[in-house]
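Notes follow the structure.
Remember, it's a predicted structure, so these values are computed and weren't measured experimentally. Numbers restart at 1 for each chain; the letters A, B, ... are given by sequence-line order, proteins then strands.
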2 protein chains.
Amino acid sequence: MDKSKKIHPREDAIDRLVEAWGQLASIFGFNRSTGRVSALLLVSDEALSLSAIAERLQISRGNASMCLKELRRWGVVRRIAEPGDRQDYYVGGEDLWRQMIEIARERKRREFDPAAHDALEALEELEGEPAANRLATHLGTLDQIASQLFANDDALVSLIGLLQSGFGNKGVQS
Amino acid sequence: MDKSKKIHPREDAIDRLVEAWGQLASIFGFNRSTGRVSALLLVSDEALSLSAIAERLQISRGNASMCLKELRRWGVVRRIAEPGDRQDYYVGGEDLWRQMIEIARERKRREFDPAAHDALEALEELEGEPAANRLATHLGTLDQIASQLFANDDALVSLIGLLQSGFGNKGVQS
DNA sequence: ACAATCTTTCAGAACATACTGAAACTTCGG
DNA sequence: CCGAAGTTTCAGTATGTTCTGAAAGATTGT
């Protein structure tokens with residue numbers, strides 16, 4: 001009856017994954033609960049209902065509903081209607097690389113670009129001042145790099161390949 | 001007397017830069033005030049005193065002190081003692097690329113690595129479950145890529161050059 | 001050693017974010 | 001068209017973060 005007394009290795013492992021993934025999600029600007037819901041769906045071989053998720057994570061249905069909405073908005077969770085069942089079911093984990101790239105691209109578009117644009121605009125009016133010029137050049141280059149990175153999906157996919165194969169490590173050890 | 005009535009183009013531009021840079025900083029996990037202080041130092045051709053910063057940004061000296069402490073901790077601001085002056089002065093903007101890389105590396109080390117490690121550990125205990133395996137592979141690759149990226153400073157510097165020159169854009173336009 | 005000047009710290013206030021639970025809404029079978 | 005089952009929304013509450021201002025701590029000139 002009391003969960004903390006009995007030992008459930010699998011459930012424990014899932015709890016720890018859920019917590020760690022929530023942590024990771026919060027680094028990338030999601031709230032921890034949203035990350036936790038995502039984790040649960042990612043390690044689940046079957047689709048889960050809202051109620052099952054809320055129960056497993058010990059959060060209210062309302063909260064679970066909001067988290068799922070957010071995750072669907074980011075395109076990382078899909079809702080499924082099972083015929084003959086009133087509950088909706090949710091799945092995650094489809095095409096993880098594509099999803100990561102999409103999230104990064106979208107965050108850049110929504111958050112980075114406007115602020116960088118404002119900053120560059122303000123810096124233009126400070127032209128002539130050495131410090132301002134340095135900063136403008138730096139930020140301009142950064143912006144350009146970020147844009148290159150997301151200009152097309154292939155760029156990122158190739159880049160991932162490049163990095164995996166050990167780009168930049170001149171002296172290969174052992 | 002009333003600042004908002006008189007027009008100060010330069011001061012306005014700095015205000016807008018400060019605000020935008022605060023926004024950018026918050027994307028990367030700093031608080032807005034810390035970002036604002038950093039902006040002020042970045043566009044300033046001379047070193048500024050704590051009092052000057054607090055006054056210019058309309059924040060308490062206490063807060064300014066904390067922000068400067070944080071910025072020094074991240075190695076993006078340096079404190080200078082002017083001989084014959086009791087106040088300390090602060091400068092920023094020295095070697096921006098190096099600083100960016102250092103910040104990214106440190107954030108990875110402090111925030112990403114521990115969470116990713118926990119997640120992978122938990123996933124190991126779920127071996128055999130298809131969804132868990134997929135996630136483990138994905139996260140493992142991601143971790144490996146991130147490590148490659150920061151394995152040595154040259155990797156990132158070369159990468160920046162590569163991206164600036166338009167890596168990944170097969171059809172070069174115009 | 002004292003006083004003046006500046007900086008740091010930190011308790012509590014102000015502000016911001018996230019969560020709950022209940023009401024409103026939707027869907028579907030009968 | 002009604003009632004049952006499920007989902008969404010949102011006002012209020014709880015939790016977490018950031019800021020202020022005052023007290024304590026440094027440092028320096030006399």
| query | Tell me: CG of Leu57(A) to C1' of dC19(C), nearest whole Å? | reply | 13 Å
| Residues which pass ring pair (Phe, Tyr, Trp, His ring centres under 6.0 Å) with Phe30(A), listed by chain and number, not counting sequence neighbours | Trp74(A)
| Would you call Arg110(B) and Glu106(B) a side-chain contact if the rule is heavy atoms closer than 4.5 Å? | yes
| field | Nucleotide-resolved protein contact map, nucleotides 7-15 of chain C, B/S/- at heavy-atom distance under 4.0 Å | value | SBBB-----
| message | Checking Val43(A) against Leu135(B) for the side-chain contact (heavy atoms from CB on, under 4.5 Å) test, could you report, in this order, the C-alpha distance in whole Å, the side-chain angles of both residues, the deciding distance, and whether it holds? | response | CA-CA 7 Å; Val43(A) 288; Leu135(B) 186 57; 3.9 Å; yes
| Upstream residue (5' side of DNA chain C) when Phe30(A) and Gly84(A) are each assigned their closest nucleotide | Phe30(A)
| request: May I have the distance from Arg73(A) (atom CZ) to dT9(D) (atom P), rounded to whole angstrom? | output: 12 Å
| query | Between dG29(D) atom C1' and Glu82(B) atom CD, what is the distance in whole Å? | reply | 18 Å
| remark: Taking for Cys67(B) and for Asp85(A) the nucleotide of DNA chain D with the nearest heavy atom, the one nearer the 5' end belongs to Asp85(A)
| task | Mind calculating the distance between CG (Leu48(A)) and P (dT7(D)) to the nearest angstrom? | result | 12 Å
| request: For Gln23(A) and dG16(D), give me the distance from atom CD to atom P, rounded to whole Å. | output: 13 Å
| query | Side chain of Asp88(B), backbone of Arg79(B): donor and acceptor closer than 3.5 Å? | reply | no
| Under a 4.5 Å cut-off applied to non-hydrogen side-chain atoms, are Arg36(B) and Trp21(B) in contact? | no
| If only side-chain N and O atoms of Asn31(B) are considered, is one of them under 4.0 Å from the OP1 or OP2 phosphate oxygen of dC19(D)? | yes
| Do the side-chain N and O atoms of Asn31(B) and Thr34(B) include a donor-acceptor pair separated by under 3.5 angstrom? | yes
